[in-house]
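Below is one structure, written out as C-alpha cells; comments come after it.
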Amino acid sequence: MPEALIIAMGTLPNRERRLSAKSNPLLGRLRLATGLVLFFYVLTHNLNHALGLVSLAAMDVGRIPFLAFWRFPPIEWLFFLSIVTHFVLGLRALYNRHSFKMPFAEGTQLVLGLSIPPLLTLHFLGTVVAHKVFGLDDAYEETVLAIASSPKLIAVQTVALLVAWTHGCIGLGFWLRLKPWYPKARTALYSAALLIPVLALLGFAEAAREVLYLVHEPGWFHAMAERRNLPGNEAGVALYHWMNMGLMGYGVILIGVLAGRYLRDWTIRHRAVRVAYPDGKTVSIQPGTTILEASRMAGVPHASVCGGRGRCSTCRVRILAGDATLPTPSIEELRVLARVGAAPGTRLACQVRPEGYVKVVPLLAPSASARQAQARDDFHSGKEREIAVLFADIRGFTQFAEQRLPYDVVFLLNRYFRAMGEAVIAAGGHVDKFIGDGVMALFGVDGREGNAAAQALEAARRMSVNLAEMNASFGDELKAPLRIGIGIHFGPAIVGEMGFGTIHTLTAVGDTVNTASRLETATKELNCQLVISEVVARAAELSDTVGQAHEIELRGRSATLHVYAIKNAAKLEL
C-alpha cells in the first residue's frame, strides 16, 4: 500500500477521523479475539461432554485439566472480560445496523447470538455463580442429575449447546474463509463442526443414563450431596430469582438497543441521502448507513464474503459520482484495497457511510468467492497489456464428428484439449478457453518478464508435436490424422476477469484477439499449420526466412497485414 496514503490519514481533519472511526477496525478485531476465546471455551466444554461416552468418571477426569485452565485466575478474568466485551460489542453492532436485510448466514448468526444469554443464564448461575457464592463443587454428577431430572432443562440445554456452537462456527467461518489454506481444510473443518456437538450430546446422554441409575442406589445421593457441598433450598430460590432478574435485565437492554435504533433513525429521517446504481435503481438511506446496507435495502445483489466486516474486499464498489460526500477511508480500508490492487475511486461498500448523493457500481458478482478476496495481481480487475494471443482449431472436425459415436467424440476432444493445454502451460501461457474444438490461449497477461511472442511460438511448436504424438497413439482408429490451424498475433489488449454469475474467467478482448482469430482462419487459405503476424516474428526476433511471407486482407481491417505462413510448427527453431 502506498505509505503516503497512511501518512495522509494522520493529517485528516477531526471530523473525517470520526467518520472513519465509525466502523472502527480495532473494535472488529477485539470482537473477533473475544469470540475466539469464547469459542475455545465452548469447544473444550463440548469435548469434556463427549467423554461421557466412556463413563461419568471419565467426564470428571477430563474436568480436572478443563477447570485447571479456565479457573486459573488470569485466564478466568480473560474469560469473563471476553463475555462482557463480546456482548457489548454485539449490542453495539446491532445498534449501528441500519437494515435487517442480510444474507441468511448473517441473519442466522445474529438471531443465534441474541438467543445465547437467555438459554445459558440458568446454567451459568447453577455452575459458575453457585461455585463462587455458595461453594458448590460443580462436578458432572450433580449437574447431569439436575438436568436429566427435568425434560424442560434437557430441551433448554440441548438447544443452548447447538445454538452456541452454531453461532461460533458461523463467525469462525466468516474469518477462516479468507485464509488461503481454508479451501483445502474446509471438508475436515465441516466434519469436525458436525461431529463435535453430536459427540457432546451423546456423551451427555450416556452420562445421564448412568447417573439416573446411580441415584436409585441407597445412600448415593446423600453421599454425593455431602461430597459436592450441595447448597440448600435457599440457594436454589436465590439462583432462580437471579435468573429472572437477569432475563428481565437482558430484555430491557435488548429493547433499549432496538428502541435507540428507532429513535436515531426517526431523528435523522429528514436527512435522507440517495444511493444510485447504474441500472437506474435508487435507494434513500439515513446518514450512517453503509453502501452495503443500502444495496440490501434496495434488493441489489451485492457480494460480501466476510459478512460486512471489512476484511474480504468482495463488496468493493467504484464511485461513479458523489465521492466528495464520502468520509475518508480508514487505514484498514486502504490496506484491504491495496492488497487487491484496487483502482482509484474504489471503496469498500461495508465501510463507506455516505452523507450525500452517491452513485456506485459493485465491482464483483454477487456470487464472488473468498478466492477473489485474496491478494491478487491488478490485471484481474482490468488492465491493458501487450500480449500474444493464440487460436488453434481442428480442421474438418465437424465432418469427423458426424462419423463417430458421441462418446468417441467427447473422449477424443478431451485427449486433444489435454495435449493442447499442456503445450500452452509448458510454454508459460494461460489457457483462456476451449471453444467447440478450438483453443484460445494468452501469453504475457501477468506483465512479468518474458517474451510473450516467443512463448506463444513455443506453445505452437509443442502443440504440433503433441498432436503428432496423439495421432500416432490413436493409429488405425483415425481414418486420417487430425490437423490443426494455429494463428498468433501480438499487440495491446484489455485483460481482466469477465463473466456472469458463478462463471468468471481471466480473458482478453480487443483488436489483437480478433486478429489472432482471423489468422487462424487464414491457415485454411494458405494451406499451412501456423500463421503469425509480422509483429510476432519481430517481437520473437525470428529471421525473415521463418516461413512464406504473404500480404493478406482481414475482415474488419482496412489495410493488409504482413504475415508468415509456416507449414509445420513442429519445425520452428526458436
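Positions are given from 1 along the sequence.
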Test your reading of the model: is there a side-chain donor-acceptor pair from [X] to the backbone of [Y], 3.5 Å cut-off?
X: His131; Y: Leu136; result: yes
X: Glu226; Y: Ala223; result: no
X: Thr85; Y: Ser82; result: no
X: Asp137; Y: Asn229; result: no
X: Thr267; Y: Arg264; result: yes
X: Ser150; Y: Ile147; result: no
X: Ser149; Y: Ala146; result: no
X: Arg296; Y: Ser99; result: no

Classify the angle between the aromatic ring planes of Phe124 and Phe80 as parallel (below 30°), tilted (30 to 60°) or perpendicular (above 60°). perpendicular
Compare all side-chain heavy atoms of [X] with those of [Y] and state whether any distance is below 4.5 angstrom.
X: Ile116; Y: His167; value: yes
X: Phe100; Y: Leu110; value: yes
X: Thr289; Y: Val273; value: no
X: Thr127; Y: Thr143; value: yes
X: Pro354; Y: Val352; value: yes
X: Leu78; Y: Pro74; value: no
X: Leu162; Y: Pro197; value: yes
X: Trp220; Y: Val211; value: yes

[X] and [Y]: which non-hydrogen atoms are nearest, and at how many Å?
X: Gly310; Y: Val336; value: O-CG2, 3.6 Å
X: Trp175; Y: Leu36; value: CZ3-CD2, 3.8 Å
X: Tyr41; Y: Thr44; value: O-OG1, 2.9 Å
X: Ala139; Y: Asp60; value: CB-OD1, 3.7 Å
X: Val163; Y: Ser115; value: CG1-CB, 4.3 Å
X: Leu120; Y: Ala160; value: CD2-CB, 3.6 Å

Over 12 non-hydrogen atoms of neighbours within 6.0 angstrom of [atom1] in [X]:
X: Trp181; atom1: CH2; answer: yes
X: Phe72; atom1: CZ; answer: no
X: Tyr250; atom1: OH; answer: yes

Begin from the C-alpha positions of Ile285 and His98 and carry the test side-chain contact (heavy atoms from CB on, under 4.5 Å) through to its verdict. CA-CA 9 Å; Ile285 61 173; His98 284 256; over 6 Å; no
side-chain contact (heavy atoms from CB on, under 4.5 Å) for Val317 and Thr346? Distances and angles first, verdict last. CA-CA 6 Å; Val317 296; Thr346 302; over 6 Å; no
To the nearest 0.5 Å, what is the distance between [atom1] ([X]) and [atom2] ([Y])?
X: Arg97; Y: Leu258; atom1: CZ; atom2: CG; answer: 12.0 Å
X: Leu320; Y: Lys359; atom1: CG; atom2: NZ; answer: 6.0 Å
X: Leu119; Y: Leu247; atom1: CG; atom2: CG; answer: 9.5 Å
X: Leu145; Y: Glu210; atom1: CG; atom2: CD; answer: 12.0 Å
X: Glu76; Y: Leu67; atom1: CD; atom2: CG; answer: 9.5 Å
X: Tyr182; Y: Leu189; atom1: OH; atom2: CG; answer: 6.0 Å

Audit row: Glu332, Arg29, salt bridge (charged side-chain N to carboxylate O under 4.0 Å, His left out) steps and yes/no: CA-CA 11 Å; Glu332 289 298 322; Arg29 290 180 180 178; 2.9 Å; yes
Would Arg309 and Cys350 count as a side-chain contact (heavy atoms from CB on, under 4.5 Å) if you check the C-alpha gap in whole Å, the side-chain angles of each, and the deciding distance to 0.1 Å? CA-CA 7 Å; Arg309 292 164 172 82; Cys350 67; over 6 Å; no
Do NZ/NE/NH1/NH2 and the carboxylate oxygens of Arg227 and Glu141 come within less than 4.0 Å? yes
N/O donor to acceptor pairs below 3.5 angstrom from side-chain atoms of residues 47-54, sequence neighbours left out:
from, atom 1, to, atom 2, distance (Å)
Asn48, OD1, Arg63, N, 3.4
Asn48, ND2, Met59, O, 3.0
His49, ND1, Tyr140, OH, 3.0

Less than 3.5 Å apart, which donor and acceptor atoms pair up between the side chains of residues 232-242 and the rest of the protein, not counting sequence neighbours?
none

Go through the steps to decide whether Leu230 and Phe221 satisfy the test side-chain contact (heavy atoms from CB on, under 4.5 Å), and finish with yes or no. CA-CA 10 Å; Leu230 290 185; Phe221 181 81; 4.3 Å; yes
Would you mind telling me which of Phe40, Phe39, Trp70, Phe69 makes a ring pair (Phe, Tyr, Trp, His ring centres under 6.0 Å) with Phe79? Trp70
